[in-house]
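So the structure is just underneath, and the comments pick up after that.
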Amino acid sequence: MADLDSNYIEGLSDYRWKEAKIPIYVDRDIDVKDWKAISAEPGTNKPRAWKITDSDIVEWTLAAKGKFFSQEVYIVLNRTSLKTSTSCDIHCWIGKQASSELYKKALYNATAFGEAMEGRALVHREVQDFESKRFINYFQYFTVLKGESDQMANCDLRSEYKTRLLRLTGPNAAGKICARETATKRGALDSNDVFIIDSGLKIYQVQELSRSFRHNGQLYNYQKPGAEIKD
């Protein structure tokens with residue numbers, strides 16, 4: 001297979017390459033998963049997701065449930081059963097802090113996944129903070145956190161966990177709520193929004209009383225084993 005032109009990708013500053021049009025491909029050896037078996041499986045009307053790493057492509061339950069991390073890249077498959085057919089969408093989600101190598105590998109695999117579907121799927125590109133409504137609406141709770149998922153899963157909540165501040169928005173027209181991690185500082189708090197402060201063993205919700213019911217579901221969806229919830 002062909003690969004993205006690495007000189008073009010690396011020449012773009014910051015993460016603008018994630019939004020750029022990919023102009024050409026060049027020959028290069030890229031690890032591509034065999035997607036044929038997955039493409040032949042029946043639809044479940046629930047998203048499935050795979051995390052792209054330097055060494056592997058692994059199915060990832062956190063992303064399938066709507067939790068994404070800024071240093072990672074994922075492929076998400078959504079199948080919708082219609083009366084006479086099944087609609088399939090493949091999304092390549094790119095975190096702001098993800099490397100260009102991971103992005104290239106993910107985009108290449110998303111394209112290969114689409115080819116394995118033999119014309120039955122549309123392939124989309126999703127950039128952190130600019131996700132499409134279609135993509136967000138797959139999940140009851142859509143969450144974007146900083147860093148890597150392994151850092152959160154493997155740390156000691158008592159001694160190693162770094163406090164996170166999340167801003168909640170929504171629900172949108174489809175009733176979906178988004179939570180995005182923001183800078184952990186007092187100036188980030190806004191009385192017009194609802195926030196979650198995650199300190200590891202304790203999770204706090206900061207809000208106006210009039211907005212409590214509207215966002216309450218997001219707080220309880222975000223809780224972690226061993227963490228105490230505070231209002």
Side-chain angles (χ1 to χ4, degrees), residues 1-10 15 17-95 98-128 130-144 148-150 153:
M1 282 191 168
D3 183 23
L4 304 177
D5 186 342
S6 59
N7 292 327
Y8 173 82
I9 295 294
E10 293 169 0
Y15 66 97
W17 49 268
K18 298 181 179 70
E19 296 178 307
K21 293 182 179 179
I22 306 304
I24 56 176
Y25 292 82
V26 294
D27 291 333
R28 186 178 173 185
D29 183 22
I30 287 286
D31 180 23
V32 178
K33 186 179 181 68
D34 183 2
W35 297 100
K36 290 185 178 180
I38 296 172
S39 66
E41 296 175 1
T44 62
N45 285 338
K46 292 183 179 180
R48 293 181 65 183
W50 292 262
K51 184 172 77 169
I52 310 300
T53 69
D54 291 327
S55 59
D56 204 357
I57 300 172
V58 293
E59 190 154 6
W60 207 247
T61 303
L62 280 178
K65 293 181 177 180
K67 185 170 287 187
F68 298 82
F69 290 79
S70 64
Q71 291 184 21
E72 298 181 340
V73 180
Y74 306 88
I75 291 175
V76 177
L77 169 67
N78 188 75
R79 302 180 194 238
T80 303
S81 297
L82 307 175
K83 289 184 178 180
T84 59
S85 63
T86 299
S87 172
C88 301
D89 291 276
I90 298 168
H91 299 258
C92 178
W93 186 91
I94 313 112
S99 69
S100 60
E101 291 300 317
L102 286 180
Y103 169 61
K104 289 185 287 183
K105 183 176 179 179
L107 183 61
Y108 210 78
N109 272 273
T111 303
F113 199 176
E115 292 175 352
M117 287 285 190
E118 299 180 343
R120 294 179 289 114
L122 293 176
V123 180
H124 313 265
R125 178 168 46 180
E126 306 286 346
V127 178
Q128 179 183 338
F130 298 95
E131 295 89 356
S132 65
K133 292 181 181 178
R134 176 198 296 265
F135 184 71
I136 290 176
N137 285 346
Y138 294 154
F139 313 102
Q140 183 61 43
Y141 305 101
F142 181 78
T143 305
V144 179
E148 298 177 309
S149 52
D150 290 343

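Worth saying up front: this structure is predicted, and the values here are computed from it rather than measured. Basis for what follows: all heavy atoms, side chains included, without hydrogens, waters or symmetry-related copies.
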Item to complete: Return the set of residues passing salt bridge (charged side-chain N to carboxylate O under 4.0 Å, His left out) with Glu126 (not counting sequence neighbours), or none when no residue passes.
Response: none
Fill in: Heavy-atom closest pair, residues Ile75 and Ala110
CD1-N, 3.5 Å
Item to complete: Apply side-chain contact (heavy atoms from CB on, under 4.5 Å) to Asp56 and list each qualifying residue two or more places apart in sequence or on a separate chain.
Response: Thr53, Val58
Worksheet item: Could you give the distance from CZ (Phe135) to CG (Asp89), rounded to the nearest 0.5 Å?
Response: 11.0 Å
Discussion item. A side-chain contact here means heavy atoms from C-beta on lying under 4.5 Å apart; do Lys51 and Leu62 qualify?
Written reply: no
Practice prompt. Any chance you could measure Gln71, atom CD, to Gln128, atom CD, to the nearest 0.5 Å?
Written response: 10.5 Å
Discussion item. Any side-chain to backbone donor/acceptor pair from Asn109 onto Asp31? Under 3.5 Å, distance only.
Written reply: yes
Worksheet item: What distance separates Lys46 NZ from Thr80 OG1, expressed to the nearest 0.5 Å?
Response: 13.5 Å
Item to complete: Please step through side-chain contact (heavy atoms from CB on, under 4.5 Å) for the pair Leu77 and Trp35, ending with a clear verdict.
Response: CA-CA 11 Å; Leu77 169 67; Trp35 297 100; over 6 Å; no
Item to complete: Check whether the side chains of Asn78 and His91 place a donor and an acceptor atom closer than 3.5 Å, and report yes or no.
Response: no
Discussion item. Test of understanding: with side-chain contact (heavy atoms from CB on, under 4.5 Å), list the residues that count as partners of Ala64, not counting sequence neighbours.
Written reply: Ala49
Discussion item. Would you say that Ile38 contacts Glu59 through its side chain, given a criterion of any heavy-atom pair below 4.5 Å between the two side chains?
Written reply: no
Discussion item. Ignoring hydrogens, what is the shortest heavy-atom contact between Phe142 and Phe68? Give both atom names and the distance.
Written reply: CE1-CE1, 3.5 Å
Response to the item:
Interatomic distance, SG@Cys92 vs CZ@Phe113, rounded to 0.5 Å, equals 12.5 Å
Discussion item. Applying side-chain hydrogen bond (donor to acceptor under 3.5 Å, both in side chains), can you list everything that pairs with Trp60, at least two apart in sequence or on another chain?
Written reply: none
Worksheet item: Rounded to the nearest 0.5 Å, what separation is found between the NZ atom of Lys67 and the OH atom of Tyr74?
Response: 10.5 Å
Worksheet item: Taking atom OG of Ser149 and atom CD of Glu72, what is their separation to the nearest 0.5 Å?
Response: 3.5 Å
Worksheet item: Which heavy atom in Val73 sits nearest to a heavy atom in Ala106, and how many Å separate them?
Response: CG1-CB, 3.1 Å
Fill in: Closest approach of Glu131 to Trp93 (non-hydrogen atoms, all atoms of both residues)
OE2-NE1, 2.9 Å
Item to complete: Please confirm whether the backbone N or O of Leu107 pairs with a side-chain atom of Arg125, one donor and one acceptor, at under 3.5 Å?
Response: no
Fill in: Contacts of type side-chain hydrogen bond (donor to acceptor under 3.5 Å, both in side chains), residue Ser70, not counting sequence neighbours
Gln97
Item to complete: Just jot down the side-chain contact (heavy atoms from CB on, under 4.5 Å) partners of Arg120, sequence neighbours excluded, or say none.
Response: Ser39, Met117
